[in-house]
Visitor: 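Sharing a structure with you now.
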Amino acid sequence: MKADLKNIAAAVAGTFLALTAAAQVNSIAITKGWQFREADEARWYPAKVPGEVHTDLLANKLIGDPFYRDNEKKLQWIEREDWEYKTSFVVPPAALSKKQAELVFDGLDTYADVYVNGKLALSADNMFRQWRVDARSLLKAGANDLRVVFRSAQNIVDSFAKADLPYVIPDNPRAYVRKAQFHFGWDWGPKFTTCGIWKDVRLEYFDEKPAEKPFVPPVKVELVEKPDEKGTSFYFAIDGKPVYMKGANYIPSDAFVTRMTRDDYRKMLMMAKDANMNMLRVWGGGIYENDYFYDLCDSLGIYVWQDFMFAGTMIPGDEAFFKNVKEEVFQQVKRLRHHKSIVLWCGNNEDEEAFFKWGWHSSFRISKSDSVKLWKDYTRMFRDSIPKWLKEVDPSRPYISSSPRYHWSQSQSLTEGDSHYWGTWWGGEDFEVFEKNTGRFISEYGMQAMPDYSSIEAITQPQDRYLFSDVLRNHQRAGNGFKKLEGYLKKYMIDSAVINHLSVEDYVYLTQCVQYYGFKNMILMHRSKSPYNMGTLLWQLNDCWPVASWSITNYYDRKPKAAWYAVKHTYDDANLPARDKGYPKDLELKDPAVKWRWVGSELVLTASSFAKYVFVDIPGLKGKLSDNYFDLEPGVEKRVRVEGAVSAKPSAVRIKTLYDVRAAASKLKK
């Protein structure tokens, strides 16, 4: 009997081992030896995979820094060309003995034809999908040639839009392509419509794929929308407990997304964590982020509001487009659903409010029948299809079809759903409007500022550093951006008569001060409305290049702008600051004669009279200070800790206050 049991056990074990062996996937990375060229040109150049054509051109010194001065304008030719990549890789004989040998591309941007040993193996048309093809019949033992031809996404979407005329999909031909929408330009970003092998490439060979593991929801999350006496609630309950969300919107942290390293991601997300944030909204015009991004959010306790990658356009309604998006949704949700940080899937950014409130019908002269079709296709995608697909792969998390639910001009935006309240900035309203116009969950709002002056120095020549030079205008993408900034500077910071007499350095300082003031007081107003209001996600945490924007951090070194410190304090549950009682513009200030000294790694500052917005500038500092742009009472010591490496000597410290800027501007005016 014992012998029989041993034989049975051995047989079972053997079967298990055989099944395990059969389901084992062997993998060969294909990352070395890549070259690229403009299509049909003779010369090939070294390429980096993962990478993008712009970064490859830059690495080979074929173009200048795309962010410098107005180089962006000079590099628009790149997006109109086709580009080729090639390498060779060795296939072991064992790979060809398996039932399948698949080439796997985790990301191809975007219209790509893949050739193996000269034969077409795959045609791709979606940046957000993983592409697999069984290439066993095309492979041979030993060296194999692999070539990827990228066709211009800009040319293709333009041809799609032209072929559809007179039917128009608002507001840009980018609507036709499943590619990062910000690549086509945004009001904070450059226009670099890239291409390239932007994620890993490998050969996988196996007899049988491992079975897919059952999905177990990692977190219990509910989006609570219940009618009450003032409208309908909108808040997140995590594991049954209501959570007030404090956070920001997150865009890609580099216009060339493959340049982001693990260290870059960690630094960026620590800026969110250190500012006491507990939620980031991954905005729908960028990318589904790197796995490491979500790993960090899991470990840091940062919840993620995850948009699907649609922003500010309507969509095509053809079956091929829907089939493409369905595969994208399935792949991305399966990739990300195990992350406990993700608490919401959202169909798109602002598509719905845009259709009804952005004037598309008149500006694009949309006929009634075309309008009906556009809305029907939209409804089918975001209200019918995506929620149906989600039920198949992740029924555990809430879903909303669009953010926001209503345009900020509609009264319902204050009583139900989430709100993008752009009465401030775009509407020119004062920050104090939130006293009466705070909605249930503010998922976008903001105030703009210039990047640090060190950023200005990095992207300009001395002759560019005056208000408002062509180069500075090239790094200001918001409509009437400088004019809007002027309105807020006049209201809150400085006499309008001296604004045009400011140096660029002092102008930068003042715009950051008004952004500090704005975010501080807007957030405090939101928080004072709790539990009516249960979330405030400012626009935006980060930048993808050096630019005047709503970001509270700089692109270079991810250094904090002034407003980052305001957000850090106003998101601190234990030490909420008080609202400002008056406007900084109305303060009567004297020369504070700020003095400083080093005590270890701390800077100790004192002032002889009240100092407003004390800016401590340490040239060469790559990190941040424990506080900055603070107020300093006379005779009271302020200790500021240095957090991060300093390349210059600690003695190199510069101090600027609101008084100093006023005094300098007054002298220039005279």
Side-chain angles (χ1 to χ4, degrees), residues 185-190 248-249 251 312 350 353-354 357-359 404 407-409 419-434 437 442 444-453 455-456 466-523 525 538-555 561-563 566-567 580 583-585 613 658 661 665:
W186 221 264
D187 57 7
W188 38 256
N249 286 262
I251 65 170
E350 298 185 345
E353 76 155 39
K357 290 293 183 177
W358 286 9
H407 187 266
W408 59 267
S409 64
S419 170
H420 293 190
Y421 194 84
W422 285 108
T424 50
W425 182 260
W426 288 112
E429 295 176 342
D430 297 343
F431 303 130
E432 293 74 25
V433 72
F434 281 112
N437 284 1
I442 316 299
E444 277 192 28
Y445 66 99
M447 177 62 206
Q448 207 191 69
M450 296 288 283
D452 279 3
Y453 189 66
S455 298
I456 301 296
Y466 66 89
L467 299 178
F468 299 94
S469 70
D470 288 343
V471 170
L472 290 184
R473 288 185 182 278
N474 194 58
H475 291 259
Q476 164 65 279
R477 294 306 169 87
N480 295 317
F482 286 126
K483 192 70 177 176
K484 287 187 173 73
L485 273 171
E486 181 180 345
Y488 285 95
L489 289 174
K490 286 179 181 179
K491 176 75 176 182
Y492 293 100
M493 286 294 147
I494 198 166
D495 186 343
S496 60
V498 302
I499 289 177
N500 290 331
H501 299 282
L502 293 167
S503 67
V504 172
E505 187 171 3
D506 285 349
Y507 179 82
V508 166
Y509 167 85
L510 281 178
T511 65
Q512 292 212 12
C513 288
V514 79
Q515 190 188 38
Y516 182 111
Y517 178 93
F519 274 125
K520 173 188 174 182
N521 289 284
M522 287 189 289
I523 291 170
M525 280 180 265
L538 64 90
W539 184 271
Q540 65 214 63
L541 175 65
N542 55 323
D543 271 329
C544 67
W545 74 317
V547 65
S549 82
W550 302 265
S551 174
I552 61 172
T553 59
N554 290 277
Y555 169 77
K561 288 160 74 169
V567 172
D580 285 273
Y583 298 164
K585 174 184 175 180
Y613 296 138
L658 185 58
V661 173

Visitor: If I compare all heavy atoms of Ala548 with all of Gln448, which pair ends up nearest, and what's the gap?
Guide: O-NE2, 3.7 Å

Visitor: Between CG of Leu485 and OG1 of Thr511, what distance do you get to the nearest 0.5 Å?
Guide: 6.0 Å

Visitor: Contact between Tyr507 and Leu489 at the side-chain level, heavy atoms closer than 4.5 Å - yes or no?
Guide: yes

Visitor: Indicate the atoms forming the closest heavy-atom contact of Lys520 with Ala566, along with that distance.
Guide: CB-CB, 3.9 Å

Visitor: Kindly assign one of parallel, tilted or perpendicular to the pair Phe431 and Tyr517, based on the angle between their ring planes and the thresholds 30° and 60°.
Guide: tilted

Visitor: Output yes when a side-chain donor or acceptor of Asn542 lies under 3.5 Å from a complementary backbone atom of Ser551, and no otherwise.
Guide: no

Visitor: Which value, rounded to the nearest 0.5 Å, describes the distance between His407 atom NE2 and Ser419 atom OG?
Guide: 9.5 Å

Visitor: Would you please test Lys561 and Ser455 for side-chain contact (heavy atoms from CB on, under 4.5 Å) and show each step?
Guide: CA-CA 11 Å; Lys561 288 160 74 169; Ser455 298; over 6 Å; no

Visitor: Quick check: does any side chain N or O of Arg477 sit under 3.5 Å from a backbone N or O of Trp186, one acting as donor and the other as acceptor?
Guide: no

Visitor: In terms of relative ring orientation, are Phe519 and Tyr445 parallel, tilted or perpendicular, with 30° and 60° separating the classes?
Guide: perpendicular

Visitor: Check Ala665 against His501 and note the closest heavy-atom contact, atom names and distance.
Guide: O-CB, 4.2 Å

Visitor: When rounded to the nearest 0.5 angstrom, what is the spacing between NZ in Lys357 and OG in Ser409?
Guide: 4.5 Å

Visitor: Is a donor on one side and an acceptor on the other found under 3.5 Å between the side chain of Asp430 and the backbone of Glu432?
Guide: no

Visitor: Please give me the minimum heavy-atom distance between Lys484 and Gly479, naming the atom from each residue.
Guide: NZ-O, 2.9 Å

Visitor: Please lay out, stage by stage, how Glu353 and His420 fare under the test side chain to side chain donor-acceptor pair (under 3.5 Å).
Guide: CA-CA 10 Å; Glu353 76 155 39; His420 293 190; 5.1 Å; no

Visitor: Counting only heavy atoms from other residues, nucleotides and ligands, does the tally under 6.0 Å from CG of Asp187 exceed 12?
Guide: yes

Visitor: Does the side chain to side chain donor-acceptor pair (under 3.5 Å) test come out yes or no for Asn437 and Tyr421, once each step is laid out?
Guide: CA-CA 8 Å; Asn437 284 1; Tyr421 194 84; 2.8 Å; yes

Visitor: How far does CD1 of Ile442 sit from CH2 of Trp408, to the nearest 0.5 angstrom?
Guide: 13.0 Å

Visitor: Show, in sequence, the C-alpha distance, side-chain angles and deciding distance for Phe482 and Leu467, and conclude whether the side-chain contact (heavy atoms from CB on, under 4.5 Å) test is met.
Guide: CA-CA 10 Å; Phe482 286 126; Leu467 299 178; over 6 Å; no

Visitor: Scan side-chain atoms only and decide if Asn500 and Glu486 contain a donor-acceptor pair under the 3.5 Å cut-off.
Guide: no

Visitor: The test is ring pair (Phe, Tyr, Trp, His ring centres under 6.0 Å); show your working for Trp539 and Trp425 and say whether it passes.
Guide: CA-CA 11 Å; Trp539 184 271; Trp425 182 260; over 10 Å; no

Visitor: Trp188 side chain to Trp545 main-chain N or O, any donor-acceptor pair under 3.5 Å?
Guide: no

Visitor: Using modelled atom types only, decide if a donor and an acceptor are shared between the side chain of Lys491 and the backbone of Tyr583 within a distance under 3.5 Å.
Guide: no

Visitor: With a 3.5 Å distance limit and no angle check, can you tell me whether Glu444 reaches the backbone of Gly446 through a side-chain donor-acceptor pair?
Guide: no

Visitor: Between Val547 and Gln476, which heavy-atom pair has the shortest distance, and what is it?
Guide: CG2-N, 4.4 Å

Visitor: Calculate, to the nearest 0.5 Å, the distance between atoms NE2 and OG belonging to His475 and Ser469 respectively.
Guide: 9.0 Å

Visitor: Between Tyr492 and Tyr488, what is the ring plane arrangement, given parallel below 30°, perpendicular above 60°, and tilted in between?
Guide: parallel

Visitor: Keeping the roles fixed (side chain from Asn521, backbone from Asp580), state whether a donor-acceptor pair exists under 3.5 Å.
Guide: yes

Visitor: Could you check whether any side-chain N or O of Gln512 sits under 3.5 Å from a backbone N or O of Met450, counting only pairs where one atom can act as donor and the other as acceptor?
Guide: yes

Visitor: Considering only heavy atoms from C-beta outward, does the side chain of Pro451 approach that of Ile456 to under 4.5 Å?
Guide: yes

Visitor: Keeping the roles fixed (side chain from Tyr509, backbone from Leu658), state whether a donor-acceptor pair exists under 3.5 Å.
Guide: yes

Visitor: With rounding to the nearest 0.5 angstrom, report the OG1 to CD distance, Thr553 to Gln540.
Guide: 8.0 Å

Visitor: Please answer whether the main-chain N or O of Leu541 pairs with a side-chain N or O of Asn249 as donor and acceptor at a distance below 3.5 Å.
Guide: no

